[in-house]
Chemist: 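Provided herewith is a single structure, encoded as structure tokens, for subsequent inquiry.
A quick note: this is a predicted structure, and the numbers were derived from the prediction, not measured. Both counts, for ligands and for their atoms, begin at 1 and track the order of listing.
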Amino acid sequence: MVLAELGGSISRVIQRMSNATIINDNVFDECLNEIARALIQADVGIDLIRHMQANIRNIAIFDELCKMLNPGKPSFTPKRGKTSVVIIVNLQGSGKTTSCTKYAHYHQKKGWKPALVCPDTFRAGAFDQLKQNAAKTKIPFYGRSMESDPVKVAVEGVEMFKKENCDLIIVDTSGRHKQQAALFEEMRQVSEATKPDLVIFVMDSSIGQAAFDQAQAFKQSVAVGVVIVTKMDGHAKGGGTLSAVAATKSPIIFIGTREHMDEFEVFDVKPFVSRLLG
Ligand code: GDP
């Protein structure tokens, strides 16, 4: 078989595959076998063909996972010098407070003027933790340990930092309540009152498949726009991120790679998927 004929057969198979409504295992295997037949006729060795089939399968899986992590719509990106309000949500323990500071610090290093607001009036520890993080990184902080209304604290903080011309005002919401319904209602009220430009869903990479329901529940209360994945330094491969992206239709923007302020990386899909498969 001459090279042009071989190329023709392969492109016909690929064309057929791209026209198929559903690409399942059968369609895929049929196409791989057809390509293999064309190559055998062209005297290509069987070992080489098997190797190529395995490679094609791996590339297809890799590409599909990359696509699944791309919700296909651009997310809001804050602009330096222009005030943006960002609120950070999820349950306690997911890494919210740490990620808030990392996100602020990341921008601070690039010359932004970030500020941190703590409207968590439910857990005293949350106030102290964010205040300490803010002091360590010299980022302005607003919170009131004696105030019981989270919406009031959030609005006061946002207003104050707007007047101070901060360009990235980050509100770390509470992640715990006596009842989960009350937590979602609080998120909704904080969001309605502060009118955020961006809502970040922070997820723990080890949460696994429960990520879908959790992310969906938050998305139903507030307009989640992007995801930050924490604890990528642990054993978890981060498979739950696929669920979180699907549930929120939001892209991942950063990953947390340890506890320290600088251990925070811009999300890069290819190494992430390699790790997921590795
Ligand atoms: P919050 O309750 O959602 O605000 O969560 P915290 O920010 O307090 O984080 C919960 C725990 O996870 C803390 O001990 C953090 O130091 C830790 N943590 C947060 N992000 C990371 C990360 O990327 N890697 C590791 N190893 N630990 C993290």
Chemist: Can you name the atoms of ligand 1, numbered from 1 with element, that are less than 4.0 Å from a heavy atom of K102?
Modeler: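 Answer for ligand 1: 23 (O).
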Chemist: Closest by any non-hydrogen atom to atom 23 (O) of ligand 1: pick that one out of E259, M232, K231.
Modeler: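 Looking at heavy atoms only, K231 sits closest to atom 23 (O) of ligand 1.
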Chemist: Does G175 have a non-hydrogen atom less than 4.0 Å from ligand 1?
Modeler: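 No, G175 has no heavy atoms under 4.0 Å from ligand 1.
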Chemist: If only atom types and distance count, is the side chain of S243 paired as donor or acceptor with the main-chain N or O of T241 below 3.5 Å?
Modeler: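 Not a single qualifying donor-acceptor pair exists.
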Chemist: Note the single closest protein heavy atom to atom 3 (O) of ligand 1, along with its residue, its atom name and the distance in Å.
Modeler: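 For atom 3 (O) of ligand 1, the nearest protein heavy atom is K96 N, 2.8 Å.
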Chemist: Testing the basics here: between S84 and K79, what is the closest heavy-atom pair and its distance to 0.1 Å?
Modeler: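 Heavy-atom minimum between the residues: OG-N, 4.2 Å.
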Chemist: How far is atom 26 (N) of ligand 1 from the closest protein heavy atom, and which atom is that?
Modeler: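 The closest heavy atom on the protein side is D233 OD2, 2.7 Å.
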Chemist: Going by salt bridge (Lys or Arg N to Asp or Glu O under 4.0 Å), name the pairs with one or both residues in residues 255-264, residues two or more places apart or in two chains.
Modeler: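 Sorted pair list: K109-D262, R258-E263.
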Chemist: Can you name the one residue among I61, D63, L65 that meets side chain to side chain contact (heavy atoms under 4.5 Å, CB included) with V273?
Modeler: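 Testing V273 for a side chain to side chain contact (heavy atoms under 4.5 Å, CB included) against I61, D63, L65 leaves exactly one candidate, L65.
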Chemist: Checking a contact table here: which protein heavy atom is nearest atom 15 (C) of ligand 1, and how many Å away?
Modeler: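 I find the closest protein heavy atom is T98 OG1, 3.6 Å.
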Chemist: Among all protein heavy atoms in this structure, tell me which lies nearest to atom 10 (C) of ligand 1, with the distance rounded to 0.1 Å.
Modeler: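 Among all protein heavy atoms, the one nearest atom 10 (C) of ligand 1 is G93 O, 3.9 Å.
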Chemist: Check this for me, if you would: do K231 and D204 make a salt bridge, where the nitrogen-to-carboxylate-oxygen distance has to be below 4.0 angstrom?
Modeler: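 Looking at K231 and D204, the cut-off is met.
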Chemist: Just to be sure I read this right, does ligand 1 sit under 4.0 Å from the backbone of D172, its side chain, both, or neither, counting only heavy atoms?
Modeler: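 Answer for D172: neither.
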Chemist: Within the supplied structure, the quantity of interest is the number of heavy atoms (other residues, nucleotides, ligands) at a distance under 6.0 Å from R50 CZ; does it exceed 12?
Modeler: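 Count not over threshold, so no.
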Chemist: Looking at atom 5 (O) of ligand 1, what's its closest protein heavy atom, distance included?
Modeler: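 The protein heavy atom lying closest is G95 N, 3.1 Å.
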Chemist: Hey, which atoms in ligand 1 end up nearer than 4.0 Å to a heavy atom of T257?
Modeler: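 Per the distance check, 23 (O).
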Chemist: Give the atom numbers and elements of ligand 1 that come within less than 4.0 Å of a heavy atom of T97.
Modeler: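 Per the distance check, 1 (P), 4 (O), 7 (O).
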Chemist: Is K138 atom NZ crowded by more than 12 heavy atoms from other residues, nucleotides or ligands, each under 6.0 Å away?
Modeler: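 No, NZ of K138 has 12 or fewer neighbouring heavy atoms, counting only those of other groups under 6.0 Å.
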Chemist: Pull out every atom of ligand 1 sitting under 4.0 Å from any heavy atom of Q129, numbered as shown with elements.
Modeler: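 Contacts of ligand 1 toward Q129, numbered from 1: 6 (P), 7 (O), 8 (O).
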Chemist: Apart from V266 itself, what residues make up its hydrophobic cluster when side-chain heavy atoms of I, L, V, M, F, W and Y under 4.5 Å apart count as a link, directly or indirectly?
Modeler: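 Same cluster as V266: F76, V86, I88, Y103, Y106, W112, L116, F127, L130, I139, F141, L168, I170, L198, I200, V202, V226, I228, I253, F254, F264.
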Chemist: Does V202 reach ligand 1, in the sense of a heavy atom lying below 4.0 Å from it?
Modeler: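 It does not; every heavy atom stays at 4.0 Å or beyond.
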Chemist: Answer side chain, backbone, both or neither: which part of E263 comes under 4.0 Å from ligand 1, heavy atoms only.
Modeler: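 Neither part.
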Chemist: When you look for heavy atoms under 4.0 Å from ligand 1, do you find them on the side chain of H260, its backbone, both, or neither?
Modeler: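 It is neither part, as no heavy atom is under 4.0 Å.
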Chemist: Indicate the atoms forming the closest heavy-atom contact of V44 with L48, along with that distance.
Modeler: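 Shortest heavy-atom separation between V44 and L48 comes out as CG1-CD2, 3.8 Å.
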Chemist: Please confirm whether R176 approaches ligand 1 to less than 4.0 Å, judged on its heavy atoms.
Modeler: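 Under 4.0 Å: no for R176.
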Chemist: For G256, counting its heavy atoms only, list the atoms of ligand 1 lying under 4.0 Å from any of them.
Modeler: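 Counting from 1, the qualifying ligand atoms are 23 (O).
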Chemist: Between Q92 and ligand 1, is there a nitrogen or oxygen pair with a distance under 3.5 Å?
Modeler: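 Looking only at distances, the answer is no, because the N/O contact criterion of under 3.5 Å is not met.
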Chemist: List ligand 1 atoms under 4.0 Å from R258, heavy atoms only on the residue side.
Modeler: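 Going through ligand 1 atom by atom, the ones under 4.0 Å from R258 are 21 (C), 22 (C), 23 (O), 24 (N), 25 (C).
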Chemist: Does E192 pair with R188 as a salt bridge, N-O distance under 4.0 Å?
Modeler: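 Salt bridge: yes.
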Chemist: Would you call R57 and D29 a salt bridge, using N to O less than 4.0 angstrom?
Modeler: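 Salt bridge between R57 and D29, a charged N being under 4.0 Å from a carboxylate O: yes.
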Chemist: Using a 4.0 Å cut-off to any heavy atom of L91, which atoms of ligand 1 qualify?
Modeler: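 What qualifies from ligand 1 is 3 (O).
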Chemist: Measure the spacing between CZ of F272 and OG of S205 and express it to the nearest 0.5 Å.
Modeler: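 It comes to 7.5 Å.
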